[in-house]
Amino acid sequence: MRVAVFSAKAYDHRFLTEANDRFGHELTFLEPRLEAATVPLARGFEAVCVFVNDRLDAQVLALLAGQGVRIVALRCAGYNNVDLAAAERLGIAVVRVPAYSPHAVAEFTLGLLLSMDRKIHRAWARVRENNFALDGLIGRNLHGRTAGVVGTGRIGALVARALKLGFGCEVLAADIRRDPELEALGVTYVDRAELLERSQIITLHCPLTPETRHLIDASMIARARPGVMIVNTSRGALIDTAALIDGLKAGKVGGVALDVYEQEADLFFEDLSSEIIQDDLFQRLLTFPNVLVTGHQAFLTEEALSAIAETTLQSLSDAQAGRPLDNRVEAAAVTAR
Ligand code: NAD
């Protein structure tokens, strides 16, 4: 199948090309992000392969369909950047990689939490300057603290398990469905409001939907425990950034670790070190000593990239052969969630 791979980085090129030995698709790697202005690059291709910040709204999908594109293959689990109803109307199948390596994201989440809480990133900056003073680096034990996990699917369940069994936290969870295995370990399901009110650490692992958009907003921050730590490796828009900044300025929010950001599409995955960043909210966020931000890299392990490449190319082969698409995302299924 002829596939236009948008937002392609060196690592996409490497892992997709290696895996493609077994599939034999015609892959064309394109650096630009897919959006209305870049749709013409997909002319002559049957499939587009995209990532988290490519924009597949109704307009882009209609243009793609007009050019003969019949399949969109997401190299990620989340699909909030695709208008699924429009894709269905236009006869475009959308496939994703539902579970490439939940361990990659769960482990990174814990790494971020520990770095932020124990100030490891700040300590490293000091040591490089031969400043070995410890003032300002006091952290807190994770052991015995109350951690709230919102969304206990593949990633959230691993995080909950590690916090409970590995660190000895009291773990609260909120999800639209319970995981009996976690309950057997002593994880307690509560409603989202109670979780946000009782937790000293809140970590987000639910998908971005209209219902979860700005799940952390001014009212939730007002009701949270003083000094609450918030970790988000899921999707940026789960948090209202302006409200988060107000919470940090007021000292109500004690620490924030983010791998995702609401307006990341204009920033992440590019080297902007010589540019003037226009996003004042993001720049303000970076000024706080108790905020740690990474640029959407929780998925970035060898194992995850291999699995993403394998599943994506398998889906394209299935589509080509007219086989059922195991990893298809359909609008009806999403509405029913
Ligand atoms: P999953 O589908 O296995 O789990 C999501 C869980 O959230 C499910 O248990 C679901 O029931 C629950 N949920 C849905 N709506 C909810 C709501 N309103 N309130 C509470 N819980 C709700 O997904 P996953 O593989 O664990 O991934 C979680 C998220 O992590 C994805 O949606 C994706 O956006 C994000 N992600 C980020 C990275 C990264 O690199 N930073 C990588 C992979 C995935």
Side-chain angles (χ1 to χ4, degrees), residues 7 9 11-12 50-54 74-82 84 96-113 148-162 171-183 187-196 199 202-217 220 230-239 257-262 264-265 267-269 292-305 307-308 311-312 327 329-330 333-337:
S7 300
K9 300 290 179 197
Y11 48 82
D12 296 308
V50 296
F51 197 49
V52 292
N53 290 329
D54 291 292
L74 291 153
R75 308 193 289 283
C76 53
Y79 42 83
N80 51 285
N81 52 336
V82 185
L84 292 174
R96 64 174 180 140
V97 187
Y100 41 89
S101 176
H103 292 279
V105 184
E107 289 169 16
F108 193 85
T109 303
L110 294 162
L112 267 190
L113 171 61
V149 180
V150 182
T152 53
R154 298 174 189 89
I155 296 167
L158 289 172
V159 171
R161 188 178 278 268
V171 179
L172 305 177
D175 198 310
I176 48 178
R177 54 183 102 87
R178 290 165 182 241
D179 177 342
E181 281 184 33
L182 287 182
E183 288 186 296
V187 170
T188 311
Y189 278 89
V190 293
D191 66 36
R192 198 159 80 198
E194 184 179 342
L195 179 146
L196 296 174
S199 299
I202 296 168
T203 181
L204 305 177
H205 302 287
C206 59
L208 175 62
T209 63
E211 205 260 314
T212 60
R213 183 172 209 88
H214 287 184
L215 178 155
I216 304 284
D217 62 6
M220 287 326 307
I230 299 171
V231 185
N232 187 8
T233 59
S234 186
R235 284 292 181 266
L238 294 176
I239 298 181
L258 304 177
D259 186 49
V260 287
Y261 167 64
E262 251 185 310
E264 69 176 51
L267 299 168
F268 287 4
F269 309 120
L292 174 57
V293 182
T294 51
H296 207 137
Q297 71 173 86
F299 71 99
L300 203 67
T301 64
E302 303 247 338
E303 294 83 353
L305 288 167
I308 289 170
T311 306
T312 302
N327 298 317
V329 203
E330 279 161 311
V334 176
T335 320
R337 287 165 78 102

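Along the sequence shown, residues carry numbers from 1. Atoms considered below: every heavy atom in the structure, side chains included; atoms not considered: hydrogens, waters and symmetry mates. Whatever order the structure lists ligands and atoms in, that order sets their numbers, starting from 1. No experiment lies behind these values; they were computed from the predicted model shown.
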Can a non-hydrogen atom of [X] be found less than 4.0 Å from any atom of ligand 1?
X    : value
F108 : no
A174 : yes
A99  : no

Of [options], which has the heavy atom at the shortest distance from [atom]?
atom                    : options                : answer
atom 24 (P) of ligand 1 : V150, L112, I155, L195 : I155
atom 10 (C) of ligand 1 : D175, T209, V149       : D175
atom 4 (O) of ligand 1  : G153, S101, A77        : G153

Heavy-atom check, side chain of [X] versus side chain of [Y], under 4.5 Å:
X    : Y    : result
E264 : V52  : yes
L305 : Y100 : no
T233 : H205 : yes

Of the backbone atoms (N, CA, C, O) and the side-chain heavy atoms from C-beta on, which set of [X] has a member under 4.0 Å from an atom of ligand 1: side chain, backbone, both, or neither?
X    : value
V105 : side chain
R154 : both
T152 : backbone
Y79  : neither

Can you name the nearest heavy-atom pair linking L258 to L112, along with the distance?
C-CD1, 4.0 Å
Counting each atom of ligand 1 from 1 as listed, which ones have a heavy atom of [X] under 4.0 Å away?
X    : result
R192 : 18 (N), 19 (N)
E211 : 17 (C), 18 (N)
H296 : 39 (C), 40 (O), 41 (N)
A298 : 39 (C), 40 (O), 41 (N)
T233 : 36 (N), 37 (C), 38 (C), 39 (C), 41 (N)
F299 : 40 (O)
T212 : 17 (C), 18 (N)

Do any N or O atoms from the side chain of D175 and from the backbone of C206 form a donor-acceptor pair under 3.5 angstrom?
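Here the side-chain-to-backbone pair does not exist.
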All salt bridge (charged side-chain N to carboxylate O under 4.0 Å, His left out) counterparts of R192, not counting sequence neighbours
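Scan of R192 (salt bridge (charged side-chain N to carboxylate O under 4.0 Å, His left out), adjacent residues dropped) gives E211.
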Purely on distance, is any nitrogen or oxygen of R177 under 3.5 Å from one on ligand 1?
yes
Which of parallel (below 30°), tilted (30 to 60°) and perpendicular (above 60°) describes F269 and H296?
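Tilted.
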Counting only heavy atoms not in E302, do more than 12 sit closer than 6.0 Å to its CD atom?
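Not buried by this count: 12 neighbours or fewer within 6.0 Å.
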Whether over 12 other heavy atoms sit under 6.0 Å from E181 CD
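12 or below, so no.
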For F108, which of D259, I155, T301, L113 qualifies under side chain to side chain contact (heavy atoms under 4.5 Å, CB included)?
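For F108, the side chain to side chain contact (heavy atoms under 4.5 Å, CB included) check succeeds only for D259.
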Contacts of Y189 that satisfy ring-ring contact (aromatic ring centres under 6.0 Å, His included) - sequence neighbours left out
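Once residues adjacent in sequence are excluded, Y189 has no partner under the ring-ring contact (aromatic ring centres under 6.0 Å, His included) criterion.
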